[in-house]
Amino acid sequence: MTVPSLGEFSLIRRFFSQQTLKNPSTRLGIGDDCALLAIPDGYELAITTDTMVENIHFFAGADPKQLGHKLLAVNLSDLASMGAKPLSVTLALTLPKADEAWLAAFAEGFLSLAAHYGVDLIGGDTTSGPLTLTVQALGLVPRGKALRRSGAQVGDFIYVTGRLGDAGLGLKINQGYACQHPEAALNRFNQPLPRVTEGLALLGVASACIDISDGLLGDLGHILEQSHVGAGLNWNKLPISDAVQTYINDTNDALMPLTAGDDYELCFTVSPAQVHLLAIECTRIGIIEATPGLRLHKSGVIQPLTSKAYEHFC
Ligand code: ADP
Ligand code: MG
């Protein structure tokens, strides 16, 4: 039996417009030319967008449910890094074909994470072409209070949430590295959890914040550059899982947890006077210094590091 092909509008209706709207800010969701949002007094709208392209950001044939999850997670992570509360998202899909099983799984991964954070899908665009997935995420932050990259001061402590390098290990496993217990690393790579609650708890506490999408060195490098400061990192304090430590022992690739992307943890700075307000689980890994650049303190040796982040077109 031939299955009638799914057109653009029935595809949107079937997979994306069935959700009940959860956020009081959403005045109008999918179905008109624009969505409508109400912005409460005293707040600013935080807006971010991230695209994932097949063969660049994910492997061809990647699990669609995990892709849906990750696409939303990476966007919510950007809101988290500024201390914004997620409200709603739009979704632009470019698909080579309307594959119903793929779309059902993708929508499940995407919409279940959205429901978890009370985020409404309020619109988007659907076109045919090479597989490209784009989300725009919208969030609320109290006026003038957003966490920025530019606020780090000399003497501030540097922290990270969670662990470093698990997602990088997940990528290495996908590329053939044999790991005894691969589940946690693969899960971290395929289905990162955005640190939304932590970002909100850092409002009024952190002096600067960024989410680690391109590796700690590159992303902390952005804070240093925009704050016009340098930093010292303490190797022994870096939160690294046993599996990542085993990887380092096996390969001698000690910088992997500092340079691999996709962790989606938060890296932030807090002044000593504010540290007592810090109420989230995190690890102090270093200190902001006046001398520009990044230095790693390892077994009594100070090693300068380059903090270049991954760049497309390079
Ligand atoms: P227009 O042509 O006016 O831009 P479309 O025909 O592209 O509108 O989309 C119809 C409605 O469906 C709009 O409300 C749009 O925001 C929504 N929409 C389109 N694609 C998606 C998608 N992938 N996910 C969610 N909403 C979508
Ligand atoms: Mg229109």
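Since we're looking at a predicted model, the values are computed, not measured. When a ligand or atom number is given, it counts from 1 through the structure's own listing order.
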**OP:** Indicate the ring-plane relationship of Phe157 and Tyr159, choosing parallel, tilted or perpendicular according to the 30° and 60° boundaries.
**Re:** perpendicular
Original post:
Using a heavy-atom cut-off of under 4.0 Å, does the side chain or the backbone of Asp32 touch ligand 1, or both, or neither?
Top reply: backbone
**OP:** Give a yes or no on this: more than 12 heavy atoms of other residues, nucleotides or ligands lie within 6.0 Å of atom CD of Gln180.
**Re:** no
**OP:** Enter the distance from Glu100:CD to Ser10:OG here, rounded to the nearest 0.5 Å.
**Re:** 8.5 Å
Original post:
What are the atoms of ligand 1, with element, lying closer than 4.0 Å to any heavy atom of Asp33?
Top reply: 3 (O)
Subject >> Ile30 neighbourhood, listing ligand 1 atoms whose heavy-atom distance to it stays under 4.0 Å >> reply: 12 (O), 14 (O), 17 (C), 25 (C), 26 (N)
Original post:
Considering distance alone, does some N or O of Ile122 sit under 3.5 Å from an N or O of ligand 1?
Top reply: no
Original post:
For atom 7 (O) of ligand 1, which candidate among Leu28, Asp125, Leu95, Leu11 holds the nearest heavy atom?
Top reply: Asp125
Original post:
Just how far is it from atom CG of Asn23 to atom CG of Asp120, taken to the nearest 0.5 Å?
Top reply: 5.5 Å
**OP:** Using a 4.0 Å heavy-atom threshold (strictly under), name the region of Ile12 that reaches ligand 1: side chain, backbone, both or neither.
**Re:** side chain
Subject >> Lys/Arg N to Asp/Glu carboxylate O, Arg163 vs Glu265, below 4.0 Å >> reply: no
**OP:** May I ask you to check whether Gly124 has an N/O atom sitting below 3.5 Å from an N/O atom of ligand 1?
**Re:** yes
Subject >> Cation-pi check, Lys172 onto Phe189 ring (under 6.0 Å, within 45° of axis) >> reply: no
Original post:
Which ligand 1 atoms does Phe9 reach within 4.0 Å, using its non-hydrogen atoms?
Top reply: 6 (O)
